[in-house]
Asker: 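Pasting a structure below so you can have a look.
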Amino acid sequence: MDRAVVKQPLAIEEDVHNEFRMHTKLMLTELGKFQSKQDKDGSIRRTLQPISKTICAFLNTDGGRLFLGVNDDKMIKGITMSKNMIYHFFGSLRHMCEKFKPYSPISRIRVSILEVISMGDKTKVKLKKVDMDKEEVSDFPKLANHSVGGFFCDCFKEINQAATKQYLFIVQVAAPDADSPTIIYQNEEGLAYRRRLASNKCVYLDDLRRMMNERNRVFVDLHDEVRHEIDRFIKFH
């Protein structure tokens, strides 16, 4: 089964394992100047946070899921993209992971793509699983080169030119292996994060000492009914 109808708003809360975003900006270098503003005291504050912070926090805590295309009201809106922009996202994801330390965490990350199809009933939305290998290449010609890591690429021009659709990206980050040594990941900014409640917290020296001394780590998992609600439209049983 590759389609499902999901009720809105989602019965999922942002917490230690889940986060909602309405953008696909992975790294700090992908944020433009208009995505920050100057406060009265002269300091610069980001109005958009790079997704790498959350991925790093999930890696260093107990894994989790990023829902790109879900707003703060838990409504699935999707993100407008062309197929080339999707290819760009995957290229940027690999580029971001290569900048993580001590090594790339790409093996712990899996991405699912769902096309968001509006329905007459606003309390429901239809999701269709996207298989990139089976899409018509003639409809979405892949660009030979993408400029990843910056705030602009030629494929972004297609937002007003090429066929676009609304997509929901689900970035799943696997939990650390409990039997392996503790690894503290740093994102492309050289900063380490951990997940606390529904936010990302920068890890400081005392936190690092505590984390490196942990052996039998115990984390609160998702409630069964909440996990079922997520898996219901991700795995399409």
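Note that the numbering runs from 1 along the sequence shown for the chain.
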Asker: Which residue pairs pass the salt bridge (Lys or Arg N to Asp or Glu O under 4.0 Å) test when at least one of the two sits in residues 195-204, sequence neighbours left out?
Answerer: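 Applying salt bridge (Lys or Arg N to Asp or Glu O under 4.0 Å) to every pair that reaches into residues 195-204, excluding sequence neighbours, yields Glu19-Arg195.
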Asker: Which pairs with one or both residues in residues 86-105 pass salt bridge (Lys or Arg N to Asp or Glu O under 4.0 Å), sequence neighbours excluded?
Answerer: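 Every pair satisfying salt bridge (Lys or Arg N to Asp or Glu O under 4.0 Å) with a residue in residues 86-105: there are none.
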Asker: Please identify each residue that fulfils ring-ring contact (aromatic ring centres under 6.0 Å, His included) with Phe90, with sequence neighbours left out.
Answerer: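 Per chain and number, Phe90 pairs via ring-ring contact (aromatic ring centres under 6.0 Å, His included) with no residue.
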Asker: Taking only residues two or more places apart in sequence, or in another chain, which ones meet Thr80 in a side chain to side chain donor-acceptor pair (under 3.5 Å)?
Answerer: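 Listed in chain order: Gln166.
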Asker: Please enumerate all residues that pass side chain to side chain donor-acceptor pair (under 3.5 Å) together with Thr24, with sequence neighbours excluded.
Answerer: none
Asker: May I have all residue pairs that pass salt bridge (Lys or Arg N to Asp or Glu O under 4.0 Å) and include part of residues 68-80, sequence neighbours excluded?
Answerer: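 Qualifying pairs, neighbours excluded: Glu13-Lys74.
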Asker: According to ring-ring contact (aromatic ring centres under 6.0 Å, His included), does anything in residues 106-125 pair up with another residue at least two apart or in another chain? List the pairs.
Answerer: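 Found none.
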Asker: Sequence neighbours excluded, which residues qualify as side chain to side chain donor-acceptor pair (under 3.5 Å) partners of Thr123?
Answerer: Asp121
Asker: My understanding is that only residues two or more places apart in sequence, or in another chain, count here; which of them pass ring-ring contact (aromatic ring centres under 6.0 Å, His included) with Phe100?
Answerer: none
Asker: What residues, two or more places apart in sequence or in another chain, satisfy salt bridge (charged side-chain N to carboxylate O under 4.0 Å, His left out) together with Lys126?
Answerer: none
Asker: Would you please name every residue forming a side chain to side chain donor-acceptor pair (under 3.5 Å) with Glu188, sequence neighbours left out?
Answerer: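 Side chain to side chain donor-acceptor pair (under 3.5 Å) list for Glu188, sorted by chain: Ser52.
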Asker: If the condition is salt bridge (charged side-chain N to carboxylate O under 4.0 Å, His left out), which residues does Glu14 pass it with, not counting sequence neighbours?
Answerer: none
